[in-house]
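We use all heavy atoms of the structure for the numbers below, so side chains are in, but hydrogens, waters and symmetry mates are not. Residue numbering restarts at 1 for every chain, and letters A, B, ... go by the order of the sequence lines.
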Amino acid sequence: MRREFKLPDVGEGLTEAEIVRWHVKEGDAVKVNQIVVEIETAKSIVELPIPWDGVVAGLMAEAGQTVDVGVAIIAVDTAEEGGAPAQGPAGQAASGADEAPGRGEALADDMVPRPPAEGAVEPGVHGSPAPKEERQAVLVGYGVKTGATKRRPRKSSPATTPAAQAAPTRPPVVLPAPAATPGRVAVLAKPPVRKLARDLGVDLTTLTGSGPQGTITRDDVHAAARSSQPAAPAGERATTRTAGREERIPIKGVRKMTAQAMVASAFTAPHVTEFLQVDVTETMAAVRRLRELPDFAEVKVSPLLLVAKAVLVAARRHPMINSAWDEQAQEIVVKHYVNLGIAAATPRGLVVPNVKDAHELPLPELARRLTELAETARAGRAQPADMAGGTFTITNVGVFGVDAGTPILNPGEAAILAFGQVRDMPWVVDGELAVRKVTTLALSFDHRIVDGEQGSLFLRDVGAMLEDPLRMLAWN
Amino acid sequence: MTADASRGAAAPPELVQLLTPEGERVEHPDYDIDLKPEEVRSLYRDLVLVRRIDLEAVALQRQGELGIWASLLGQEAAQIGSGRALTDADMAFPTYREHGVAWCRDVDPVKLLGLFRGVNHGGWDPKEHNFHLYTIVIGSQTLHAVGYAMGVQRDDAPSATIAYFGDGATSQGDVNESFIWASVFNAPIVFFCQNNQWAISEPLEKQTRIPLYRRASGFGFPGIRVDGNDVFACLAVTRQALKNAREGQGPTLIEAYTYRMGAHTTTDDPTRYRVASELEAWKLKDPIERVKSYLFKNELADQAFFDSVEAEADQLGADLRRRCLAMPDPGPLDIFDHVYAEPHPLIDEERAQFAAYLEGFEQR
């Protein structure tokens with residue numbers, strides 16, 4: 001028989017979730033508790049296991065789509081016979097009235113006396129009754145019902161039985177719908193709707209809510225955003241569409257995060273970028289020698305390791321480089337630790353995980369952690385906590401075969417260093433022309449915190465250490 | 001100084017350990033244990049089965065069949081070790097995560113699910129199993145446990161009480177008050193703290209300046225830190241502490257040093273506050289793997305044994321799922337049944353009123 005798996009409330013009172021990724025497709029065989037889909041809720045990313053053995057008959061929601069709790073997302077043909085409907089609390093959330101009598105959920109509806117007439121309102125509820133097919137609000141608990149609430153009708157004259165008189169039957173209080181009242185002060189909108197409005201640049205106080213009790217709904221915000229911007233906001237589009245010679249890709253996930261971070265950074269911190277060409281012949285030799293040491297037998301030694309070490313040493317000599325601007329407190333936060341971020345290109349986009357307390361690590365450990373960090377990020381397993389709390393970032397643009405760039409600060413940090421490619425260049429050594437290994441360093445810094453002098457000194461120190469790695473020992 | 005990403009992975013020397021993460025048996029001068037091969041196999045079976053029960057419950061929650069679940073993943077050894085140290089006459093007061101201890105007290109696992117499925121408020125008879133109902137409020141059960149222990153003391157009964165709680169609960173007033181009462185009255189109680197390093201998202205170092213077990217000395221009773229992922233050590237240390245309690249030597253605080261491998265509950269997302277490397281470091285200390293390698297290396301069990309436990313676990317999981325889904329929903333009038341132990345006129349009146357109210361609806 002065919003069974004439909006409905007999106008459950010996996011987090012105590014969630015109403016919707018976004019489909020992140022399907023692990024199965026139509027025709028795949030599945031087993032009980034096999035993970036079939038990843039969803040992202042307001043609280044977390046969660047993997048959902050399927051409750052039956054069978055064959056996937058169809059996926060009912062696409063990746064990127066936001067689905068309400070209680071809506072079927074996947075159909076499975078199971079080997080069982082019979083027509084008993086799929087059961088479970090998730091199902092009830094969608095259609096409480098369809099469930100067997102006696103379920104607590106369905107009964108909860110019955111506890112509310114029936115509204116007296118169309119147009120009047122329920123006791124204790126201010127405003128007009130919710131339109132049909134609108135989501136029903138709940139205070140707490142497991143999920144929200146979609147669709148109109150269905151109630152069992154009361155018997156014709158309940159007031160004639162003495163027991164029913166004892167039941168709470170307060171007279172209905174009729175109030176004008178607040179939406180119709182001009183000059184109202186408070187805006188009624190749920191937090192996700194407020195966030196949506198903020199994201200789309202919509203001023204909630206200018207809107208008239210179409211939801212229950214005049215609350216502003218998602219649709220109201222989208223409608224307002226559309227009317228102010230004729231081009232439809234990309235946020236509404238969940239899937240990539242190819243039409244003719246153009247392709248429209250929805251802005252979401254890592255791309256969206258990157259964009260927000262870059263815009264926030266570029267337009268709050270005044271960036272200055274300085275460049276320095278450095279002869280790194282000695283650093284390259286040091287890398288080769290380190291690789292031969294037993295301490296480094298198990299780890300990957302790359303030029304990046306020595307750049308990282310040089311940055312850590314120089315940051316101690318110039319602490320303002322490793323600080324942050326706290327606009328709210330009107331303070332500069334100087335950090336006595338370095339969580340060293342390494343920008344990594346991953347299949348999902350740019351992520352910047354950081355090595356926590358990198359300043360305390362011995363060199364072999366730093367090497368191991370840098371390798372681990374890169375591998376975790378490339379495998380798409382870097383977790384938010386790995387990315388949080390960075391204090392300084394290195395971006396290794398050299399791996400893409402370019403010399404330099406003007407990197408944009410990772411928000412909340414005061415500086416970022418771009419490490420260009422290392423290549424053979426003509427270079428003057430002791431008055432003679434020689435072929436040397438040369439790279440370009442580019443340092444961007446937040447000019448609110450760091451002045452040209454400090455930035456230059458820091459960059460010069462990093463360059464000096466890479467020119468002669470012995471300086472790392474001398475200055476460490 | 002080297003910073004270690006795996007919080008507290010460099011354990012201090014006071015840690016009692018009898019089985020290393022690699023499955024090597026080590027000796028300890030104060031706590032030793034002589035386990036027969038069949039006892040070790042039985043502990044292994046306990047560990048695997050409770051992990052399976054836990055996994056099934058997490059899956060059921062993800063399928064919308066449970067409202068919430070608090071996973072014990074990673075804490076199996078602490079629970080099985082301490083749970084198997086209890087005698088039938090001892091009494092246990094759990095939090096909401098002691099599924100492994102419940103298993104040791106012969107509570108049918110399906111009964112644990114009722115509370116989380118919302119079909120009952122408890123699920124088992126505490127007196128029948130000497131296992132109190134789950135307590136959701138953090139730390140309050142330690143006071144109940146001390147009160148119970150003081151009662152046992154006054155009855156002069158040959159029984160000890162064990163109170164379970166987590167590292168987060170040690171910041172609660174209730175727990176500190178219970179320490180004082182237990183100490184002053186020399187109550188026959190064991191405080192068993194599973195320090196899983198995280199109080200939801202709050203790391204241990206934000207809750208204490210000293211190792212938790214050392215707090216006991218300030219209250220005037222002994223504290224011991226045991227490797228909470230070592231089922232042998234947990235069994236040995238808890239057994240001794242319970243014996244001391246029964247013999248009138250008063251309370252002991254045991255800090256089982258372990259790690260919550262999963263989320264705080266199914267509603268929580270630990271990836272938002274924990275780094276991946278910490279989890280990886282603790283994976284190497286898995287409580288089940290070390291017993292498995294000990295059994296294997298010492299040729300105390302063969303592949304057939306491991307396969308049979310695995311098969312039993314799968315069957316247990318499937319059976320648990322089936323019985324969870326078949327759990328009956330309570331009737332709307334059940335709410336009146338357990339307000340008073342004896343009939344009560346006001347409750348009877350309210351029950352009748354509610355029944356009449358329900359009668360007021362047309363039948364479907």
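The residue among A:I50, A:I35, A:V355 with the most heavy atom pairs within less than 4.5 Å of chain B is A:I50. In terms of non-hydrogen atom pairs under 4.5 Å with chain B, the most contact-rich of A:I39, A:V32, A:L48, A:N33 is A:N33.
Heavy-atom distances place the side chain of A:E372, and not its backbone, under 4.5 Å from chain B. When heavy atoms are compared at a cutoff of 4.5 Å, A:L373 does not approach chain B at all. Interface remark: A:V10 contributes backbone and side-chain atoms alike to the contact with chain B (heavy atom separation under 4.5 Å).
B:K283 has a carboxylate O that lies under 4.0 Å from a charged side-chain N of B:E280, or vice versa, which qualifies the two as a salt bridge. For B:R62 and A:E47, the salt-bridge test fails: no basic side-chain N is under 4.0 Å from an acidic carboxylate O. Ion pairing of B:E289 with B:K292 is absent here, as no side-chain N (NZ or NE/NH1/NH2) approaches a carboxylate O to less than 4.0 Å.
Residues forming a side chain to side chain contact (heavy atoms under 4.5 Å, CB included) with B:I136 (at least two apart in sequence, or on another chain): B:Y96, B:L115.
Atom CG of residue B:D314 and atom CG of residue B:D319 lie 12.5 Å apart, to the nearest 0.5 angstrom.
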